[in-house]
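All values below were derived from every heavy atom in this structure, side-chain atoms included, with hydrogens, water molecules and symmetry-related copies excluded.
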There are 2 protein chains.
Amino acid sequence: MSSADDAKLKQAREDFVAQWGALGTHWGINRTMAQIHALLMTEPEAIGTDEVMERLQISRGNAHTNLKELVSWGLIRTIVKKGERREFFEAEKDVWKIFTIVARERRRREIDPALGVLHQCLDDSRGIDTPEGRAFHEQMSKLAEFVGFASNVADRVSGMKYGIALQLAARLLS
Amino acid sequence: MSSADDAKLKQAREDFVAQWGALGTHWGINRTMAQIHALLMTEPEAIGTDEVMERLQISRGNAHTNLKELVSWGLIRTIVKKGERREFFEAEKDVWKIFTIVARERRRREIDPALGVLHQCLDDSRGIDTPEGRAFHEQMSKLAEFVGFASNVADRVSGMKYGIALQLAARLLS
DNA sequence: CCGAAGTTTCAGTAAATACTGAAAATATGA
DNA sequence: TCATATTTTCAGTATTTACTGAAACTTCGG
């Protein structure tokens, strides 16, 4: 009975899109962007802007902006179909690739600016010759060292081949 | 010339607080909470609500809410001074402890709910007997497996002693 | 070069989130 | 117990962020 299965799938997919969208919020990603990503991750075929608008009930501007943002992240890519004038989009479905993309983007947007602030404060407080000044400098120094270190580690991990990362992680969990 | 040093320190500290607050935004943490945390991280003495209000120019309600939130995260703790009726607050200053607290909190708020959604979709799509249904189920399965795995790894790492983590990371960067 | 199809931009508006300030509740000690 | 210091709550407001819809722009076939 395929029509019942179709209905169940439609429902499950809609749930996934809606809930993944809600989650996006906690990830510093706006709802629509997360929803489009969810929609495309569970869509076997590449689809166009109008279908995204219709499936998610959003405006053209909104769909456009977020599709382009996803492309700029590298989480989806544009497809040109022969004989078709408009653009279609399909998602990267490999989980490790998704992870590395998100990790890199978050490092760029969250860690790198923090390092910048810390290094500047480190400079600004260099040579302040009071007990409080030295304590401040010391704290900045510790923070900068740790954040820089973490940034390198994250970079290294997200540059690994999946197999290697898996091996490493397995050792960690054993 | 200590008064010049004092001025420089005051400036550097204010910059740090302001900029760290701005960064908080990109971390899903509100500006005030990040600013209070920054203020307390660079303050040698525990300070009270009124001083926080004054230093950051914010209302009592705002200060109160965010101080309590920071306490609930474990990033700051309350101090009772003898002979004083009001509460004082001091920050956790150890960078590794800060990291593990933030990592755990983010796992709880970002990863665990995602796992919940994925497992539910996994159930809802079990046994849908169409090609599309199987593809959907397969994608959910891969996502759930990876996210669960990542969650365990994060948990394990943030439960480590700093020395061990450092050793591991050093091996990674070599 | 023209007209249709498709894409991009953006001013205005809606929704979500954070903050204020004052009132209510609670704790302290005389 | 009462007066006072302190903490907590929350309705109203301000700020920030996201979305709409339509106009401007671009692309392409004829």
Side-chain angles (χ1 to χ4, degrees), chain A residues 17-40 46-73 76-90 109-110 113, chain B residues 17-40 46-73 76-90 109-110 113:
Chain A
V17 168
Q19 299 203 73
W20 202 254
L23 285 178
T25 302
H26 305 296
W27 280 75
I29 290 168
N30 77 46
R31 191 193 319 287
T32 305
M33 187 169 155
Q35 282 183 345
I36 295 178
H37 184 228
L39 177 65
L40 288 175
I47 66 182
T49 305
D50 289 81
E51 187 166 352
V52 171
M53 288 166 61
E54 206 219 325
R55 298 269 295 264
L56 301 181
Q57 294 290 301
I58 58 175
S59 72
R60 181 172 306 281
N62 194 11
H64 174 79
T65 306
N66 285 292
L67 281 166
K68 287 293 135 132
E69 187 71 3
L70 281 165
V71 169
S72 90
W73 278 50
I76 66 176
R77 47 184 161 269
T78 55
I79 296 288
V80 274
K81 292 191 182 178
K82 56 187 171 187
E84 281 281 8
R85 198 154 148 185
R86 61 190 195 278
E87 287 188 317
F88 291 79
F89 302 89
E90 73 173 15
R109 307 197 316 167
E110 299 180 356
Chain B
V17 169
Q19 298 203 74
W20 201 253
L23 284 179
T25 301
H26 304 297
W27 280 74
I29 289 167
N30 78 47
R31 190 193 320 287
T32 304
M33 187 169 155
Q35 282 183 344
I36 295 178
H37 184 228
L39 178 64
L40 288 175
I47 65 183
T49 305
D50 289 80
E51 187 165 353
V52 171
M53 287 166 61
E54 206 219 326
R55 299 269 294 266
L56 302 181
Q57 294 289 302
I58 58 176
S59 70
R60 181 173 304 282
N62 194 11
H64 174 79
T65 306
N66 285 293
L67 281 165
K68 286 292 136 128
E69 187 71 3
L70 282 164
V71 169
S72 91
W73 278 51
I76 68 176
R77 47 183 162 269
T78 54
I79 296 288
V80 273
K81 292 192 183 177
K82 55 185 171 187
E84 281 282 7
R85 198 153 146 185
R86 61 190 194 278
E87 287 188 317
F88 291 79
F89 301 89
E90 77 175 10
R109 304 198 319 165
E110 299 180 355

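Stem list for DNA chain C (at least 3 consecutive Watson-Crick or G-U pairs, distances under 3.5 Å): C:1-30 with D:1-30.
In terms of the side chain to side chain contact (heavy atoms under 4.5 Å, CB included) criterion, residue partners of Glu87(B) (sequence neighbours excluded) are, by chain and number, Lys68(B), Thr78(B), Phe89(B). Here Glu90(B) pairs with Arg77(B) under the side-chain hydrogen bond (donor to acceptor under 3.5 Å, both in side chains) rule; sequence neighbours left out. Every residue two or more places apart in sequence or in another chain that forms a side chain to side chain contact (heavy atoms under 4.5 Å, CB included) with Thr25(B) is listed here: Arg31(B). Residues meeting the salt bridge (Lys or Arg N to Asp or Glu O under 4.0 Å) test with Glu51(B), sequence neighbours left out: Arg55(B). The side-chain hydrogen bond (donor to acceptor under 3.5 Å, both in side chains) check on Arg60(A) picks up Asp50(A), with sequence neighbours excluded. When the side-chain hydrogen bond (donor to acceptor under 3.5 Å, both in side chains) test is applied to Gln57(B), no partner is found at least two apart in sequence or on another chain. Residues satisfying the side-chain hydrogen bond (donor to acceptor under 3.5 Å, both in side chains) criterion with Asn62(A), sequence neighbours excluded, are Thr32(A), Asn66(A).
With rounding to whole Å, Ile79(B) atom CD1 is found 18 Å from dT6(D) atom C1'. As a whole-Å value, the separation of Leu56(A) CG from dA18(D) P is 17 Å. The CD-C1' distance, from Glu87(B) to dA5(D), rounds to 13 Å in whole Å. With rounding to whole Å, Glu84(B) atom CD is found 19 Å from dA27(C) atom P. Between Lys68(B) atom NZ and dT6(D) atom P there is a gap of 14 Å when expressed in whole angstrom units. Look at CE on Met53(A): it is 11 Å from P on dT7(C), rounded to the nearest Å. Between the CD atom of Glu69(A) and the P atom of dT8(C) there is a distance of 14 Å, given to the nearest Å.
Between His64(A) and the phosphate of dT7(C), there is no side-chain N or O to OP1/OP2 separation shorter than 4.0 Å.
Between the NE2 atom in His64(B) and the CD atom in Glu69(B) there is a gap of 11.0 Å [rounded to 0.5 Å]. Note: Ile29(A) CD1 to Ile36(A) CD1 = 12.0 Å, rounded to the nearest 0.5 Å.
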**OP:** Could you run through nucleotides 19-28 of chain D and give me one letter per nucleotide, 5' to 3': B if any protein heavy atom sits under 4.0 Å from the base, S if only the sugar-phosphate is that close, - if neither?
**Re:** SBB-----BB
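Comparing Thr49(A) and Thr25(A) by the nucleotide of DNA chain C that holds the closest heavy atom to each, the one mapping nearer the 5' end is Thr49(A).
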